[in-house]
Amino acid sequence: MTDRSMDFMEKQGAGATKALEVLREELPLQRFVGESLSQAVVEGEVALPGGLREETTVLSAEAMAVLDRSTAEADRVTADGKVVFHVLYTQGDPTHVSALEASAEFSHPVELPGAQAGMTAPVSLMVEHVEAGAQGGRLHLMAILRVQVRVFSDEPMEVVTGVRSVDGLMLRTETLSGCQTVARGEQDVLVRDECDLGAVLQITDTLYATAIATVQDVMGGEERATLSGNILLEVVHRSAMPSRPLVVTRHTIPFEETVSLTGEEGDSLCAGAVVKDVAVLSQEGEEEGSRTLRAEVLLGLNAQAARQRDLCLLLDAYTTQGDCLSLEKQEVRRALAHRQVHTAESGKLTLLLDGQPPVRTPLRAALRPVMTDMTRAGGKLNVEGMMEVTLLYMTDDTETPQTYQAEEPFRMCFACDVSLPESLVLTTSNIDVNGITSDRVEVKYILHLDCHDVQLASESLVTQVAQEPAEEVEPGILMYFSQPGESLWDIAKRYRVSCDSLKRMNPDLEENGGAQAQRVILWRK
């Protein structure tokens, strides 16, 4: 928050006009340059392993967006990365489910006025739509990404902190609280884990896995930050169970990793983790029918340290005699604090399968949230949107897996207060499907919200002060009717009188201005 104070000075003298002395200082403020929200279409193609004449049916497609780097240039930011696709399909034998993993690189430029080389440009990515289609022995892939870009400048800004050596000088100052990022660090780490898969699942092969990483705690010291949290791993397996060709297992992998920070020691730490790659395989276990799952998750860790600082700056100035002062100001949005927000809420939706083969055994569902609206109220964030659903299930008529796709509206209330919700990322986990009737399926899920939040404040900072000749005025007593909201300072500055003398003649005058016009009496010498 901004703590504002007033410091009034009046120097009366009959001598010659003194030379203006302007005090300047370079402020280490982190400035918010701007942001942009856009969409990127990423396409890829990969050859299928089977024969060209074998009929191929795509059952479901999922995608994960991975940011490799973001680069700020003149009025532009370019986000480079890749999209990792996971596709379930049948080829030749419609009862045998196969999986394929492929990736497609992307480079997405974003026009952002004010951006310059060397500025910091964090990017948030979220997959909103995925398509996969087979033709001529090749699989065509497409994903639509929601890309949110912010730009910050850590370059010091030169501002006016004070004025002196002027007769009749009146000053108003303010104390600003702000932060500056003083150290950063990034590091990729490989987290490994293994666990036993029970024989009851009758797993014959492990197809692929997806994962979500959450940071629960961050501690720092001696030029490093230690991040601890959990990886939520969801693995899709092929099974020999009757009428259930696919099974899903879930695992929680804890991690604690250290990231080196380059820079100076700060007062606070902010850290995040993203999943860049997941590799899984299973082998026969020691007990008959059991298997051992081995998983490797590549995490991209990032941390930054910020330092808080209070600065006393010039807010406004004028003179009661001699030359007038002319002030140039620049509107600046500055960062007050950084924090990583993670929260989650459980949700539920019901699918009505009109005109579809009846449901016997739901296998799994893939969910992709698409945000359409966000509102903040009472420390809570309300998010509305459409949930893209892909349901796999078995029916009574055939042993071939069935696919059903739909869009269902959702509304979720998260218990968090986010300053800039535009950069939030929604992901789903713990998706459970249960058949209610032959044409109704209930889907329960957990919706995760992640956001690198930044508290901002806007200020008009004085960048230049100059003297200008004053117009001659007739001395005497004047009566003035103030405008609603016009402060005591505003009136005193307009008529070049001291605030103290104005207050003595108008003891009932509200210092910050009233809601209605007030009669003001003032005396100009």
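Within 6.0 Å of atom CD in Glu471, 12 or fewer heavy atoms from other residues, nucleotides or ligands are found, so the atom counts as exposed in its surroundings. Within 6.0 Å of atom CD in Glu265, 12 or fewer heavy atoms from other residues, nucleotides or ligands are found, so the atom counts as exposed in its surroundings. In Arg250, the CZ atom is crowded: over 12 heavy atoms of neighbouring residues, nucleotides or ligands sit closer than 6.0 Å. Around the CD atom of Glu223, the shell of radius 6.0 Å holds no more than 12 heavy atoms that belong to other residues, nucleotides or ligands. Other residues, nucleotides and ligands contribute only 12 or fewer heavy atoms inside 6.0 Å of the NZ atom of Lys444. Summarising the local packing, CD of Glu158 is surrounded by more than 12 heavy atoms from other residues, nucleotides or ligands at distances under 6.0 Å. The number of heavy atoms from other shown groups lying within 6.0 Å of CD (Glu186) does not exceed 12.
No side-chain donor-acceptor contact under 3.5 Å links Asp453 to the backbone of Gln340. In this structure a side-chain-to-backbone donor-acceptor pair under 3.5 Å is missing from Ser460 to Gln330. Judged by distance alone, with hydrogens and angles left aside, the side-chain atoms of Arg31 form no donor-acceptor pair with the main-chain N or O of Met157 at under 3.5 Å. Listed for the Arg496 side chain is a donor-acceptor partner under 3.5 Å among the backbone atoms of Gln321. With Asp490 contributing its side chain and Glu486 its backbone, the two residues share no donor-acceptor pair below 3.5 Å. For the pair Asp267 (side chain) and Gln308 (backbone), a donor-acceptor distance under 3.5 Å is present. Between the side chain of Thr319 and the backbone N or O of Gly322 there is no donor-acceptor pair closer than 3.5 Å. A donor-acceptor pair is defined here as one N or O able to donate and one able to accept, closer than 3.5 Å; such a pair exists between the side chain of Ser70 and the backbone of Ala121. Between the Arg376 side chain and the Ser419 main chain, a donor and an acceptor come within less than 3.5 Å of each other. In this structure, the side chain of Asp193 does not engage the main chain of Ile253 through any donor-acceptor pair within 3.5 Å.
A side-chain donor from one of Arg150 and Ser423 sits under 3.5 Å from a side-chain acceptor of the other. If you check the side chains of Asn230 and Thr252, you find no donor sitting under 3.5 Å from an acceptor. At a cut-off of 3.5 Å, with distance as the only test, a side-chain donor of Thr120 or Arg184 sits close to an acceptor on the other residue. In the model, His108 has a side-chain atom that pairs as donor or acceptor with a side-chain atom of Ser38 under 3.5 Å. Side chain to side chain, Gln187 and Glu257 fail the donor-acceptor criterion of an N or O pair below 3.5 Å. Looking only at atom types and distance, the side chain of Thr428 has no donor-acceptor partner in the side chain of His448 under 3.5 Å away. Residues Glu131 and His129 bring a donor and an acceptor atom of their side chains to less than 3.5 Å of each other.
Rounding to the nearest 0.5 Å places CG of Leu232 at 5.5 Å from OG of Ser429. Note that the CE atom of Met64 and the NE2 atom of His86 stand 6.5 Å from one another [nearest 0.5 Å]. Put simply, CG on Leu233 and OG1 on Thr210 are 7.0 Å apart, with the number rounded to the nearest 0.5 Å. For the atom pair CG of Leu313 and OG1 of Thr173, the computed distance is 9.0 Å after rounding to the nearest 0.5 Å. The OH atom of Tyr445 lies 12.5 Å from the OG1 atom of Thr427; values are rounded to the nearest 0.5 Å. Note that CG of Asp500 and CG of Leu488 are 9.0 Å apart. Values are rounded to the nearest 0.5 Å.
For the residue pair Thr78 and Glu73, the shortest heavy atom distance occurs at OG1-OE1, 3.6 Å. Across every non-hydrogen atom of Glu345 and Ala415, the tightest pair is OE2-N, 4.1 Å. For the pair Cys451 and Leu420, the tightest heavy-atom approach, listed with the atom from each and the gap, is SG-O, 3.7 Å. Residue Ser103 comes nearest to Lys82 through the heavy atom pair CB-CD, 4.5 Å, listed as atom of the first residue, atom of the second, then distance. Heavy atoms only, all atoms of each residue included: Ala104 and Phe85 are closest at CB-CE1, 4.1 Å. Closest non-hydrogen pair, Val130 versus Ala61, comes out as CG1-CB, 3.7 Å.
In summary, Glu62 and Arg368 do not engage in a salt bridge, as defined by a charged side-chain N under 4.0 Å from a carboxylate O. Using a 4.0 Å cut-off between a side-chain N of Lys or Arg and a carboxylate O of Asp or Glu, Lys276 and Asp188 qualify as a salt bridge. Between Arg519 and Asp508 there is no salt bridge, since no side-chain N of the basic residue sits under 4.0 Å from a carboxylate O of the acidic one. Residues Lys493 and Asp316 are paired through a salt bridge, judged by an N-O separation under 4.0 Å between the basic side chain and the carboxylate. Of the charged side-chain nitrogens involved, at least one lies within less than 4.0 Å of a carboxylate oxygen, so that Glu384 and Arg411 count as a salt-bridged pair.
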**OP:** Give the C-alpha distance, both sets of side-chain angles, the deciding distance and a yes or no for side-chain contact (heavy atoms from CB on, under 4.5 Å) between Leu426 and Leu449.
**Re:** CA-CA 5 Å; Leu426 298 179; Leu449 179 151; 4.0 Å; yes

**OP:** Using the side-chain contact (heavy atoms from CB on, under 4.5 Å) rule, take Val191 and Ile231 through it: C-alpha gap first, then chi angles, then the decisive distance, then the call.
**Re:** CA-CA 9 Å; Val191 180; Ile231 300 171; 4.0 Å; yes

Original post:
Stepwise, does the side chain to side chain donor-acceptor pair (under 3.5 Å) test hold for Arg24 with Gln464?
Top reply: CA-CA 9 Å; Arg24 304 178 185 277; Gln464 184 68 38; 3.2 Å; yes

Subject >> Trace of the side-chain contact (heavy atoms from CB on, under 4.5 Å) decision for Cys270 with His452 >> reply: CA-CA 9 Å; Cys270 178; His452 184 167; 3.8 Å; yes

Subject >> Verdict with reasoning, Trp489 to Tyr318, per ring-ring contact (aromatic ring centres under 6.0 Å, His included) >> reply: CA-CA 10 Å; Trp489 173 272; Tyr318 69 94; 5.0 Å; yes

Original post:
What do the steps show when you test Ile491 against Tyr480 for side-chain contact (heavy atoms from CB on, under 4.5 Å), and what is the final call?
Top reply: CA-CA 9 Å; Ile491 300 171; Tyr480 168 72; 4.1 Å; yes

**OP:** Evaluate the side chain to side chain donor-acceptor pair (under 3.5 Å) criterion for residues Thr175 and Asp310: first the C-alpha distance (whole Å), next the side-chain angles of each, then the deciding distance (0.1 Å), finally the verdict.
**Re:** CA-CA 6 Å; Thr175 300; Asp310 290 342; over 6 Å; no

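Checking each of Arg307, His338, Glu155 against Gln30 for a side chain to side chain donor-acceptor pair (under 3.5 Å) leaves exactly one that passes, namely His338.
Under the 4.5 Å side-chain criterion, counting only non-hydrogen atoms from C-beta, Met387 is not in contact with Pro409. Inter-residue side-chain proximity for Leu447 and Phe410 is flagged as met; some heavy-atom pair is nearer than 4.5 Å.
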